Structures are given as C-alpha cells and as structure tokens.
Amino acid sequence: MAKTKASIPQGTRDFSAEVVRKRNYIFNTIKNVFELYGFAPLETPAMENLETLMGKYGEEGDKLIFKILNNGLDNAAKQEQIKNDFEKVLAGKNTSGITERALRYDLTIPFARYVAMNHGQLTFPFKRYQIQPVWRADRPQRGRYREFYQCDADVVGSKSLLNEVELVNIYATVFNKLGIDVEIKINSRKILAALAELCGGSDKMVDITVAIDKLDKIGIDKVKEELTQRGLQQNQITNIEQYLQIGGTNEEKLVAIKTLFANVETGKQGIEEIEYVLNGQWSTVNGQLAIDFTLARGLNYYTGIIFEIKAQGVQMGSIGGGGRYDDLTGLFGVPDIPGVGISFGVDRIYDVMEELKLFPEAISGGTKILFFNLGEAERKAAFTLMQQLRNKNIACEIYPEQTKFDKQFKYADKKQIRYALIIGSKELAENNCVLKNLQSGEQTILSHNELLTYPF
RNA sequence: GAGGGCAUAGCUCAGUUGGUUAGAGCGACAGUUUGUGGCACUGUAGGUCGUGGGUUCGAAACCCAUUGCUCUCCCCA
C-alpha cells in the first residue's frame, strides 16, 4: 500500500494530554453549573439529515454546512440519475441524490429537531444542556476552527423571562469560576425591530442590523455609508444615527431609548424585557451585564432577548451567545413551543484562558507513582503492591522493561510523576520498599502496609 | 468568496550579491554511570531545502505554477 502523508484536515486539531486536561477543566466547570441550575444532558448525532439544517442559518450559514457525499455514487445501474442530480449540484442546488446528510452546524437546531420529534414525551418546561462538537466549513483563522465544541443550555416550553435571568446567572457563574473577566452584552430583537419600524421600513430590518452591528469595528461614518448602500433614505439614517448615539450607563441608555421609542409598541416591549432581566440579576452578576443596542447576532430565529459574551483584555471574537426564539420547533411542524438558550464556545474560551494564563497551576491527572522494574522477582512483588494501590484509587504504573535506574527516573521526570517506588533485590529480601518523592528528592523506607496506608 | 505572509533536521530557527560536503540550539538515542533522575561532558542518528517546472556553468536563495500552513476581510463560537 502507498504510504500516506500524516496530516489532519484544515481547522481540526489533535489534543495532547495536557490540553485535554485543561479542556476538561472547562467542560466540567460548565457542566457542573448547568446541572446546578437543573438542566439535564442530551446528545444528538454528529450528522443530521441535510434538510434539517438547510435554511436555518441564513444564506451564509448554508454555505458553511459540511455536507456528506452519499455512498454508492459509482453504482453503474443508477449512473444516468446520478449524472442528472450532479448537474443540479453544479447549478448550486442540493439534491438528496448526491448528498442527504450533513455534519451538525450548531446544537440549537438539532435540539429543536429533537423537541419536535419527542414533544409528546417531554415534560415542559424542558431544560437540557448539550456539550458536543460542531463543524463549519469556514476558513480557519485565529479563534476560528472547522471543528469546535459548543456547550448549550436551553429551556423550551416557557415564555417566562425568569429563564433569561437564570441563563445570565449561569454565564456570570461560569466565567467567574474560570476567572475570565467578561462583558455580557444584552439587547432585544424587538428593539431592533422597533428601530426598523421607526425608520418606516420593517422590511429593512436585516439591512439595518447588519450595518449597525459593525459600529464598533468601522465607526459611524462607514455605517452610514453602508446604510446608504443598502438603500436607506437620509431621514431614516438620521434616525438610526440618533439610536446609535445612545450611550452611558445601562440606566442612561434605557432613559434615552424610552424617549426614542415613546410611540413604538414593539420597542416598549423590548425595553420592558431588558429592564426585567437587568433587575433580576441578584447577587451573582456584578456589573458584567451591559446593554448594547448595536448587538444583532444571527438574524435567523431569535425573536426576543439576545446575548453575546465578550472577553475583556484580549483580542477574540465572542466566546458565547444566545437568545430567545419564539417558534423554532415550528420549522419542524410543531408550533407554539417558545424557547431561550445560551452557548459557550469552549475552544475560544480555552484560547482566552491560555493567553491570559488563567489555568490553575495543578490541573490534576496523570500517574502518581512509577514502580521501578528491577528484575523478575522484584517486578512481581512490585506488581502485587501496585494493584493494591490501584484498588485504593491511586494512579500507578510500572516501567515495562527491566532497565537501569537512569532510564526509569527520566521516564518519571518526563511524565511528571510525583513518586518513584523502588523494590530491588535488597528491598525484596527485607520485604519492604523505598518511596522517593521526585520533587523534593526525599526517600523513605516503608513496609508494604505502610505504603498501602500512605497519604498520597 | 476576497486579499496578505510563510514553507530548511522531530521542534524553534540561521543560511551573506546565486558558488565546495546546508548549519546551530533544543529534543531523541548511546556512553561517562548495572542502587538513585533533573546538571555536566563526549559521541551517534536525523534534511528529496513543501512539490513541479524554468533561468543559470552552478539554485535552499531568482522567476512561474501548485500544495500546505497562517493571518486579515466577509461571517461567526
């Protein structure tokens, strides 16, 4: 067989032991908080039917879905049909004749699909969390991968804004535990809708939000330019400029927006929502929640409050986001199940923590004791002791080859193993063992019983 | 989808206006050292200079193409 050059697909990564341990530290922190708030786990398949995903993430999103080529395309009997189907693909259409499955793009849509499929069996309000990889055919760059993990928590079957309050508290708790200084940006799609209404063009909502979302990146003048390009009239742009000039504290922003939307019913609703969440923070959130009227997020399915997480002191895209959607399951034929959810982007959180050096010194794991291999009879005695320690839940390993001390010590060093346990001919004869702390260099002679009760 | 940058040993990188047999540090392996590691010293192995073509007496270097990686924009976690 021809030799294959060892490589992995663009935007994917292997994770070494050290990295996996750090990632697990993040996963466990998030998972424990989810559990603490009453969310139950769910896992869905890596692949979904293509039609489940298509059209749910906007035009850009559709392009970024990883599609899976059907098997059996070389079937001679179906060649005509397959050629016809492929013509459709060349014309930019999807066809089940060529591809009918795709890799999961996010966790929210598969969850909505799951709820729609199982709504008869579920107890509402239904609270689930999900920690799994997703795939996007994006071009990789800093903080952007083609395979990455999301950690989602969603509540469906409840319209209560108390859910939003809980989710904000989950965000604050998790980032507190991880030691990341974040800003939790909050806005409401209703406020964005109201702005479009105020500008006399609800149909222009997408154009407006896409443009104003870029305010902090490109500045007010460029935003106005883009609005003009997108067909907004001068008086409408003036309105939008007024809206964008709203600043100050959360309270000041609310006063200003109330004036602006005094006669816009949708806007008033949005303001009430934000006020409710702001007032419902309780003690967990201190000053991290910030109103950002330019926050837009994906325009696909959000209908109420929306969130986005920005890490402070580091150049990185959002490390989390979420919001309320009125009718996600409606896309799958089951109407009237409203929901709200949040997502953590673990890979970016990892990058942020690495850059700011926020990982704790000792993320536990790995072998605690290395048993030296110093001969056949010695090895047997060591092995028996080792198994007894393993039964006590202490991670041990024995050097598989009988070789000189030097080599076994170096192995322990490389793996950062804390203790070496030595049974040579002398210890074998005296029926004891030598335990050496490899950090301090101290070593003590212990009886077998003393070793088994040693406070590691 | 658009546009930059980079590609030399396992890793990080030198390599002069194009000129003999392409180097260093780290790592690996062996030895000094068959009952005590981290240090030190000595030695050994390891390179189609990403790939293909071109220019030239001569290319790691210059030109073209190609692939991979990386970064920015779009968009996103």
Side-chain angles (χ1 to χ4, degrees), chain A residues 5-13 16 26 30 57-65 92 104-108 131-152 171 182 206 209-211 213-214 217-218 222 226 295-300 307-311 315-322 341-352 370 372-375 378 399 402-430 433-443 445:
Chain A
K5 191 188 169 205
S7 67
I8 55 175
Q10 192 182 39
T12 67
R13 293 145 306 153
S16 67
I26 300 172
I30 294 171
Y57 308 106
E59 220 174 293
E60 280 295 315
D62 280 357
K63 286 188 210 157
L64 300 180
I65 294 171
R104 197 200 288 130
Y105 178 89
D106 75 349
L107 301 180
T108 308
I131 298 178
Q132 289 191 279
V134 302
W135 294 268
R136 294 186 188 177
D138 222 340
R139 178 159 285 180
Q141 51 185 278
R142 177 184 164 85
R144 175 172 305 186
Y145 306 99
R146 285 186 156 177
E147 177 182 63
F148 61 97
Y149 269 76
Q150 291 192 327
C151 305
D152 278 31
Y171 265 145
V182 295
V206 173
T209 49
V210 166
D213 191 37
K214 298 177 186 166
K217 255 188 187 169
I218 62 177
K222 293 266 180 188
E226 180 153 352
L295 177 63
R297 293 193 55 73
L299 293 159
N300 339 307
F307 304 110
E308 194 161 287
I309 307 298
K310 180 83 185 73
Q315 185 61 45
M316 178 66 70
S318 67
I319 56 175
I342 56 171
S343 181
F344 290 84
V346 170
D347 301 78
R348 283 186 178 175
I349 291 173
Y350 179 96
D351 290 344
V352 167
L370 177 71
F372 276 29
N373 187 335
L374 299 169
E378 293 88 340
Y399 197 85
Q402 180 194 331
T403 179
K404 54 187 182 181
F405 273 61
D406 180 72
K407 197 142 175 141
Q408 306 198 36
F409 270 120
K410 278 181 178 162
Y411 176 81
D413 275 340
K414 290 280 156 56
K415 283 191 76 172
Q416 296 185 30
I417 294 171
R418 187 65 156 277
Y419 296 97
L421 195 282
I422 300 164
I423 296 180
S425 51
K426 182 165 162 254
E427 290 77 15
L428 191 65
E430 293 172 5
C433 57
V434 171
L435 180 70
K436 176 159 183 169
N437 183 323
L438 294 177
Q439 281 181 345
S440 63
E442 292 169 45
Q443 60 182 49
I445 299 170

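Everything quoted here is computed from the prediction, not taken from an experiment. Residue numbering restarts at 1 for every chain, and letters A, B, ... go by the order of the sequence lines.
Checked against ring pair (Phe, Tyr, Trp, His ring centres under 6.0 Å), A:Tyr171 has the following partners two or more places apart in sequence or in another chain: A:Phe344. In this view, A:Tyr350 and A:Phe359 satisfy the ring pair (Phe, Tyr, Trp, His ring centres under 6.0 Å) rule, not counting sequence neighbours. Annotation: side-chain hydrogen bond (donor to acceptor under 3.5 Å, both in side chains) contacts of A:Tyr419 (sequence neighbours excluded): none. In this view, A:Glu308 and A:Arg297 satisfy the salt bridge (Lys or Arg N to Asp or Glu O under 4.0 Å) rule, not counting sequence neighbours. A:Gln10 meets the side-chain contact (heavy atoms from CB on, under 4.5 Å) test with A:Pro140, A:Arg146; sequence neighbours excluded. In this structure A:Thr12 satisfies the side-chain contact (heavy atoms from CB on, under 4.5 Å) test together with A:Ile8, A:Pro9, A:Glu147, sequence neighbours excluded. Qualifying side-chain contact (heavy atoms from CB on, under 4.5 Å) partners for A:Glu427, counting only residues two or more places apart in sequence or in other chains: A:Ile423, A:Asn432, A:Val434.
Taking a pair as Watson-Crick or G-U wobble with both distances under 3.5 Å, the runs of three or more consecutive pairs in RNA chain B are B:1-7 with B:67-73, B:10-13 with B:23-26, B:28-32 with B:40-44, B:50-54 with B:62-66.
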Nucleotide N/O to protein N/O under 3.5 Å, stretch nucleotides 38-45 of chain B:
{"residue": "B:G38", "atom": "O4'", "partner": "A:Asp413", "partner atom": "OD2", "Å": "3.4"}
{"residue": "B:G38", "atom": "N1", "partner": "A:Leu438", "partner atom": "O", "Å": "3.3"}
{"residue": "B:G38", "atom": "N2", "partner": "A:Leu438", "partner atom": "O", "Å": "3.3"}

Show each protein N/O and nucleotides 1-6 of chain B N/O combination with a separation under 3.5 Å, one pair to a line.
{"residue": "B:A2", "atom": "N6", "partner": "A:Arg139", "partner atom": "NH1", "Å": "3.2"}

Short N/O separations, protein against nucleotides 65-69 of chain B, under 3.5 angstrom:
{"residue": "B:C69", "atom": "OP2", "partner": "A:Gln10", "partner atom": "NE2", "Å": "3.2"}

Listed pairs, N/O of protein and of nucleotides 26-28 of chain B, under 3.5 Å:
{"residue": "B:A28", "atom": "OP1", "partner": "A:Lys414", "partner atom": "NZ", "Å": "2.5"}

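The distance from atom CD of A:Gln408 to atom P of B:G37 is 13 Å, rounded to the nearest whole Å. The nearest whole Å value for the distance from the OH atom in A:Tyr411 to the P atom in B:U36 is 22 Å.
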